[in-house]
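Keep in mind it's a predicted model, so treat the numbers as computed, not measured.
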Amino acid sequence: MVTLKDRRRGDGPKTESEKPEPDMPESEKPESYKHEALRRLLQADISRMRPDEALPTERQLAERYDVSRATARRALQALREDGLIRSVRGVGTFVSHPQITKTSTLTSFSEDLRSRGYHPSAELLAAEVVEADLHHATALGVDPGTALHRIERLRLGDDFPICLETVYLSAERFPSLDESLLRGSLSEALQNTHGVRVVRATQQIRAVNVTGRQARLLGVKQGSAALLVRRTAFDDTGHVVEYGESLCRGDLYEFSLVVTK
């Protein structure tokens, strides 16, 4: 049987407070030491596993590492609090998908995903020309009734749904958009095909709960928490390039902003 003592060999130097007595029996080591040691072992294992891969049960962990089920339970709870694993009642415990942290740096969705090790892609749900209502006309700085491209896409990371996005662009400025370009980064497509580069954007973020269709597309339960991001992007001449609304899964997406006074 593999014990915590066996697995911890070679983990690197420990501080004096971390080192148990050299000849202390495993059963006499403090409970806090054993659950923390198990957490670290499992964290190392998780780093080599794929998202949605199942972890052993509490009983299996207790038997494998010669600890109590209470110790295994505490270690798993700590990993859940760290966002590394998720549990589904009656099903099991699984490796979480890496959380995507959006900072104040101007980056595209595709760049954000690549930075977290995802392969970004997009499933095109709708691409149509519509008349601008007052809300979208104001956001884009055009007259109501102006023709706009409305592009709805499901943004994916490693073919896993992360964000539901709807973007509006002027059909006059961008008269034709090849649908093949809409399955990747729209910002990159506009720069490569039209020479338009986004250099600034304003964003409004608020917490919402997803509805039925949104939940089905994002693969979450109806009413689950999400972040609604409204973004207006500008080019280097100060003109609006696009206005978009993105519904991001609350369990995978977070925003980190620096605030100064």
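- Taking the side chain as every heavy atom from C-beta outward, Ile162 and Arg155 never approach each other to under 4.5 Å.
- Using a 4.5 Å heavy-atom threshold, the side chains of Val241 and His194 count as separate.
- As a member of the Ile/Leu/Val/Met/Phe/Trp/Tyr network built from side-chain separations under 4.5 Å, Val208 groups with Leu125, Leu154, Leu156, Leu164, Val210, Leu217, Leu218, Val220, Leu228, Leu247.
- For the pairing with Val229, the side chain to side chain contact (heavy atoms under 4.5 Å, CB included) check across Gln203, Gln204, Arg206, Glu245 returns one residue only, Gln203.
- Here the closest heavy-atom approach between residue Arg39 and residue Ala78 is recorded as CD-CB, 3.5 Å.
- In this structure, Tyr65 and Leu42 approach most closely via the heavy-atom pair CE1-CD2, 4.3 Å.
- Environment of NE2 in His239: sparse, with no more than 12 heavy atoms of neighbouring residues, nucleotides or ligands closer than 6.0 Å.
- Listed for the Arg197 side chain is no donor-acceptor partner under 3.5 Å among the backbone atoms of Asp236.
- In this structure the side chain of Phe160 reaches within 4.5 angstrom of the side chain of Arg249, judged on heavy atoms.
- Interatomic distance, CG of Leu148 versus CD of Glu128, reported as 11.0 Å (0.5 Å rounding).
- Taken together through direct or relayed side-chain contacts under 4.5 Å among Ile, Leu, Val, Met, Phe, Trp and Tyr, Val196 and Val167 form part of one hydrophobic cluster.
- Counting only N and O atoms by type, the side chains of Arg73 and Gln77 include no donor and acceptor under 3.5 Å apart.
- Contact detail for Gln222 and Thr211: the closest heavy-atom pair is CG-C, 4.0 Å.
- Judged by distance alone, the side chain of Asp235 and the main-chain N or O of Thr237 form a donor-acceptor pair under 3.5 Å.
- Residues Val240 and Leu169 fall into different hydrophobic clusters, defined by Ile, Leu, Val, Met, Phe, Trp and Tyr side chains chained together at heavy-atom separations under 4.5 Å.
- Between the OG1 atom of Thr166 and the CD atom of Glu152 there is a distance of 4.5 Å, given to the nearest 0.5 Å.
- Note that CG of Leu140 and NE2 of His135 are 9.0 Å apart. Values are rounded to the nearest 0.5 Å.
- Hydrophobic clustering (side-chain heavy atoms under 4.5 Å, transitive across Ile, Leu, Val, Met, Phe, Trp, Tyr) groups Val198 together with Leu177.
- When all heavy atoms are compared, the tightest approach of Thr202 to Arg200 is CG2-NH1, 4.2 Å.
- In terms of modelled atom types and a separation under 3.5 Å, the side chain of Ser170 and the main chain of Glu172 share a donor-acceptor contact.
- Between the His149 side chain and the Phe174 main chain, a donor and an acceptor come within less than 3.5 Å of each other.
- Summarising the geometry of Val67 relative to Ala72, their closest heavy-atom pair is CG2-N, 4.5 Å, with the distance given to 0.1 Å.
- Between Glu242 and Leu190, some side-chain heavy-atom pair lies under the 4.5 Å cut-off.
- With rounding to the nearest 0.5 angstrom, the OH atom of Tyr168 is 10.5 Å from the CD1 atom of Ile151.
- For the atom pair CD (Glu58) and CD (Glu63), the distance works out to 12.0 Å, reported to the nearest 0.5 Å.
- By the 4.5 Å heavy-atom criterion applied to side chains, Arg74 and Leu38 are not counted as neighbours.
- Note on Tyr243: it does not cluster hydrophobically with Leu227, by side-chain heavy-atom contacts below 4.5 Å among ILVMFWY residues.
- For the pair Glu165/Leu186, no side-chain contact is recorded, criterion being any heavy-atom separation below 4.5 Å from C-beta on.
- Thr93 is not listed as a side-chain neighbour of Leu79, based on a closest heavy-atom distance of 4.5 Å or more.
- Within the model, atoms CG of Asp45 and CZ of Arg40 stand 14.5 Å from one another, a figure rounded to the nearest 0.5 Å.
- By the rule that hydrophobic residues join a cluster once side-chain heavy atoms approach within less than 4.5 Å of another member, Val95 and Leu76 end up as members of one cluster.
- Of all heavy-atom pairs spanning Asp143 and Ala132, the tightest one is O-CB, 4.2 Å.
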